[in-house]
2 protein chains.
Amino acid sequence: MNMKEFSEVTGLSAHTIRYYEKIGLLRHIERTKSGHRTFSKNDLVWIEFITRLKQTGMPLQQILKYADLREKGNSTAIARMDLLKHHSEALEEKLRQETQHLKKLKEKIEYYENLILSQNA
Amino acid sequence: MNMKEFSEVTGLSAHTIRYYEKIGLLRHIERTKSGHRTFSKNDLVWIEFITRLKQTGMPLQQILKYADLREKGNSTAIARMDLLKHHSEALEEKLRQETQHLKKLKEKIEYYENLILSQNA
DNA sequence: GCTTGACTTAGAGTTAACTCTAACTTGTAC
DNA sequence: GTACAAGTTAGAGTTAACTCTAAGTCAAGC
């Protein structure tokens with residue numbers, strides 16, 4: 001898969017993909033003999049995982065730590081699992097808070113609805 | 001309420017509070033004759049609302065739009081309600097996605113748990 | 001073989017949201 | 001009345017995560 005295609009399927013710009021490689025989120029990307037990147041199915045799976053972590057609010061620095069552990073092989077399985085466990089707990093807490101915020105927002109919307117009804121009465 | 005107290009109850013630094021005033025998120029903050037800010041109960045309610053919007057991912061620019069509408073009085077009630085409705089819909093969608101992400105994360109954690117069990121067997 | 005679009009790099013620029021600094025003034029506890 | 005903590009301003013600096021630029025090389029269709 002060339003850069004264009006990879007960019008399209010991941011939804012990330014070529015700039016962003018190169019940036020991710022530069023900071024070490026993507027590693028060992030194959031190259032053609034002329035120097036162009038060639039992305040594999042594995043690269044795709046990995047970047048989708050990165051995207052998932054990112055979309056749940058994990059900063060790239062911490063994703064990088066996961067990438068470092070992954071690089072070191074099987075012996076780091078427990079450390080990686082711990083990292084994911086912490087993150088999923090934080091995410092659960094965030095979900096609880098956001099749910100609470102949503103409820104309050106809806107109450108405020110309802111307040112506006114009543115206000116507007118009474119203005120038109 | 002002076003700056004120190006307001007900072008403590010809101011959990012925001014004095015720097016951040018002044019910054020919020022500078023960009024127009026906080027307006028008409030009273031001053032003592034010597035120039036020190038004095039925050040009211042109203043200011044507190046308003047900043048808690050700002051914080052809620054912020055914590056659900058609304059950028060300050062958009063919160064500022066809400067503040068502008070609020071400034072203009074009752075005639076903007078519908079516009080403000082619309083803004084909140086859009087945001088609460090976006091938030092609902094975000095919650096759905098995060099819930100999905102959480103599920104996948106937990107699956108991955110379970111995968112690690114099994115892996116580690118089999119390594120120790 | 002030439003055009004046009006895609007690719008490469010190093011490094012500069014941008015944006016949001018703070019965060020800090022310097023230089024100074026005010027308030028409060030002894 | 002003197003420390004010292006807390007307040008003020010304008011403006012500079014920081015951080016994360018891109019995003020773009022310049023200057024060039026490569027690939028594919030005609």
So do the side chains of R37(A) and F6(A) get within less than 4.5 Å of each other, counting heavy atoms only?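 Answer no - side chains too far apart.
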
When rounded to the nearest 0.5 angstrom, what distance separates CG in L102(B) from CG in L95(B)?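 Between L102(B) CG and L95(B) CG, I get 11.5 Å after rounding to 0.5 Å.
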
I'd like to know if the side chain of T38(B) reaches the main chain of R31(B), judged simply by a donor and an acceptor atom lying under 3.5 Å from each other, with no hydrogens or angles considered.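 Flag not set: sc T38(B) to bb R31(B) has no pair under 3.5 Å.
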
Look at the side chain of D43(A) and the backbone N and O of S40(A), then say whether any donor-acceptor pair between them is shorter than 3.5 Å.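 Checked: pair present.
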
I want to confirm an ordering. Mapping L60(B) and G35(B) to their closest nucleotides on DNA chain C, which one lands closer to the 5' end?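 It is L60(B) whose nearest nucleotide is closer to the 5' end.
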
Reading DNA chain C from 5' onward, which residue's closest nucleotide shows up sooner: T38(A) or T16(B)?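 That would be T38(A).
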
Between dG7(D) and R37(B), is there an OP1 or OP2 to side-chain N/O distance shorter than 4.0 Å?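 It does not, given that no N or O in the side chain of R37(B) lies less than 4.0 Å from OP1 or OP2 of dG7(D).
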
If only side-chain N and O atoms of R31(A) are considered, is one of them under 4.0 Å from the OP1 or OP2 phosphate oxygen of dT9(C)?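 The answer is yes; a side-chain N or O of R31(A) sits under 4.0 Å from OP1 or OP2.
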
From C-beta outward on [X], which listed nucleotide comes closest to its side chain: [options]?
| X | options | value |
| --- | --- | --- |
| H15(B) | dA27(D), dC20(C), dC18(C) | dC20(C) |
| K4(A) | dC18(C), dT8(C), dC7(C) | dC7(C) |
| N2(B) | dA17(C), dT9(C), dG7(D) | dG7(D) |
| S34(B) | dG27(C), dA17(D), dT19(C) | dG27(C) |
| Y19(A) | dT9(D), dT19(D), dA16(D) | dT19(D) |

Find which nucleotide of DNA chain D each of F39(B) and K54(A) is nearest to by heavy atoms, and output the residue with the more 5' nucleotide.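 That would be F39(B).
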
